[in-house]
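As a basis for the values below, the full set of heavy atoms in this structure was taken, side chains included, without hydrogen atoms, waters or symmetry mates. Start at 1 with the first residue, then count along the sequence.
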Amino acid sequence: MSTPARYDFDTVIDRRGTWCVQWDGVADRFGVDGLLPFTISDMDFETAPEVLTALRARLDHGVLGYTTWQQDDFRSAIAHWFATRYGTEIDTGRLVYGPSVLSQLSQLLQMWTAEGDGVVVHTPTYDGFRKAITGLGRELRGVPVGDAAALERELSRADAKVLVLCSPHNPTGRVWTEAELRETAALARRHGVAVISDEIHADFVHDGHRHVPWTRVGGDGRWALISSGSKSFNFPALTGSYGIIGDPADRAEFLRRMETAEGLASPAVLSLTAHIAAYREGGPWLDAVREYVAGNLALVAERLNGAFPELAWEPPQAGYLAWIDVRPLGVDDEALQRVLIEREKVAVMPGAVYGAPGFLRLNAGCPRSKVEAGMAALVRGVRAVR
């Protein structure tokens, strides 16, 4: 199936000089400017035209005063999205708002844990989780993705207070099945562990897989679902996220903390505008960009497996991040990074950032010509250090 003609994902948009972390901030992580980046997880595409139209209309109004997220346009748009995308009814009375998913995570960790408490995560682990957990003085405890016995062992520890679930999982792109999620929820309830389910990658689940929101399985346990339209519709610069908190008292405490201790009385109005437009009108664009990205990931598989059949690499179940295990190639991580940076002039995230040496995370949310260039550089780089 070809991408609808009304959406153009092939045209390269120059992001240099726009204060862009991926392009303008590449030297901060890799020490060199001017690299072709496949790094931080935003996309090189314009957001949906329906979102841009709504933003322009809001700017044309001209008044950008204090605003509120607790209004029906915003809350009903989220409910509409969950109903139409996931077949899930949500109670909009449980909704909360935060500047970002990670800010919500931090606030929930402060509510539900004390310094020194254990916080369980799946490994490899998104580095934002690690920074938030350890930065608050909590103990990060990793369990390998798919290791049910290790998960139960860690949740059963007396000082384990929270499981931070990435659903779908970043960086592997794993989509948890409903059976897995129900078992995880049962384990968490059995051991009195709260669950924070980060579902910001949920809209990018690929064909053949299905995302199940935590609201479907959380029951009467202590839990929160945190998400944002910013990842799937590519507007993280607008800030803004929302959450659904199971217990009314927890929700009230979260709102009290955000509105008093954090001073969040007025959210970013353009974020609200973008979310409403995306969730009400942006579905066709999202379907088109997912299809295009799936083509990019198929290209990654073709180039990798054509050059190195022993990898037998398969695209992820969700997302636009290619998680590549290069251990079968016997290459040295540091040597590969030196060649990629110094000779090939590309920036690809090393797996060590996520606690997994021997892996790479390559962002394929970009025009296909960029993926072609990146894969050619990666293949040359690996061959140079083997």
Side-chain angles (χ1 to χ4, degrees), residues 41 96-172 174 176 181 184-201 214 217-218 221-228 241-247 249-264 351-357:
S41 59
V96 297
Y97 183 88
S100 70
V101 162
L102 285 177
S103 73
Q104 287 193 75
L105 173 66
S106 176
Q107 198 62 241
L108 289 163
L109 288 173
Q110 292 175 71
M111 284 173 52
W112 292 343
T113 66
E115 194 165 342
D117 282 343
V119 177
V120 181
V121 298
H122 286 95
T123 57
T125 307
Y126 166 50
D127 56 323
F129 288 173
R130 182 181 298 108
K131 292 172 183 176
I133 293 166
T134 60
L136 289 171
R138 278 57 171 171
E139 184 176 319
L140 185 146
R141 296 176 182 163
V143 298
V145 168
D147 190 336
L151 179 62
E152 180 162 20
R153 183 174 62 250
E154 289 299 334
L155 294 182
S156 68
R157 293 175 64 174
D159 63 346
K161 302 301 182 184
V162 167
L163 166 65
V164 178
L165 180 71
C166 199
S167 180
H169 184 260
N170 173 20
T172 68
R174 166 74 175 273
W176 306 105
L181 292 172
T184 299
L187 285 175
R189 286 194 297 271
R190 185 182 311 152
H191 297 294
V193 174
V195 177
I196 303 171
S197 183
D198 176 354
E199 303 188 10
I200 198 169
H201 293 274
W214 190 260
V217 302
R222 172 171 266 185
W223 58 265
L225 182 161
I226 54 179
S227 192
S228 173
S241 68
Y242 59 87
I244 304 170
I245 298 179
D247 181 73
D250 283 336
R251 177 182 181 274
E253 174 61 10
F254 180 93
L255 291 176
R256 185 195 70 77
R257 287 167 173 258
M258 294 300 268
E259 293 175 3
T260 57
E262 302 298 326
L264 182 69
V353 171
Y354 315 99

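- Remark: the backbone N or O of T113 is paired with a side-chain donor or acceptor of R138 at under 3.5 angstrom.
- Here L187 contributes atom CG and E152 contributes atom CD; the two are 5.0 Å apart, rounded to the nearest 0.5 Å.
- Summarising the geometry, atom CG belonging to L255 is positioned 12.5 Å from atom CD belonging to E262; distances are rounded to the nearest 0.5 Å.
- Taking every heavy atom of both residues into account, A158 and K161 meet most closely at O-NZ, 3.6 Å.
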Take C166 and F129, measure what side-chain contact (heavy atoms from CB on, under 4.5 Å) needs, and give me the verdict at the end. CA-CA 9 Å; C166 199; F129 288 173; 3.8 Å; yes
Applying side-chain contact (heavy atoms from CB on, under 4.5 Å), run through L105 and V164 and close with a yes or a no. CA-CA 9 Å; L105 173 66; V164 178; 3.9 Å; yes
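- Nearest approach of D159 to G116, heavy atoms of both residues: OD2-O, 4.3 Å.
- Relative orientation of the H122 and W176 rings is tilted, given thresholds of 30° and 60° on the angle between their planes.
- Shown here for L109 and V162, the closest heavy-atom pair between the two residues is CD2-CG1, 4.0 Å.
- R189 places a side-chain N or O within donor-acceptor distance of the main-chain N or O of G218, the cut-off being under 3.5 Å.
- Summarising the geometry, atom CE belonging to M111 is positioned 6.0 Å from atom CZ belonging to R257; distances are rounded to the nearest 0.5 Å.
- D147 has no carboxylate O lying under 4.0 Å from a charged side-chain N of R153, or vice versa, which leaves the two without a salt bridge.
- A side-chain donor-acceptor contact under 3.5 Å links Q104 to the backbone of Y242.
- For the atom pair D198 CG and Y126 OH, the distance stands at 8.0 Å (nearest 0.5 Å).
- Judged by distance alone, the side chain of E154 and the main-chain N or O of A160 form no donor-acceptor pair under 3.5 Å.
- Across all non-hydrogen atoms, the minimal contact from A224 to L108 is CB-CD1, 3.7 Å.
- When all heavy atoms of M258 and S103 are compared, the pair lying nearest together is CE-OG, 4.4 Å.
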Mind running side-chain contact (heavy atoms from CB on, under 4.5 Å) on V143 and L155 for me, showing each step along the way? CA-CA 10 Å; V143 298; L155 294 182; over 6 Å; no
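- To the nearest 0.5 Å, atom OG1 of residue T123 and atom CG of residue L140 are 9.5 Å apart.
- S241 places a side-chain N or O within donor-acceptor distance of the main-chain N or O of G98, the cut-off being under 3.5 Å.
- Just one residue in the list L151, V119, I196, V121 forms a side-chain contact (heavy atoms from CB on, under 4.5 Å) with L163, and that residue is L151.
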Checking side-chain contact (heavy atoms from CB on, under 4.5 Å) for the pair W112/D250: CA distance, chi angles, key distance, verdict? CA-CA 9 Å; W112 292 343; D250 283 336; 3.5 Å; yes
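- Not a single donor-acceptor pair under 3.5 Å links the side chain of T125 to the backbone N or O of Y354.
- Considering all non-hydrogen atoms of both residues, F254 and Y97 come closest at CE2-O, 3.8 Å.
- Residues D247 and R222 are not in side-chain contact: their nearest non-hydrogen atoms beyond the backbone lie 4.5 Å or more apart.
- At distances below 3.5 Å, not a single donor-acceptor pair connects side-chain atoms of S106 with backbone N or O atoms of A132.
- Separating the CZ atom in R190 from the OG atom in S156 is a distance of 10.0 Å, to the nearest 0.5 Å.
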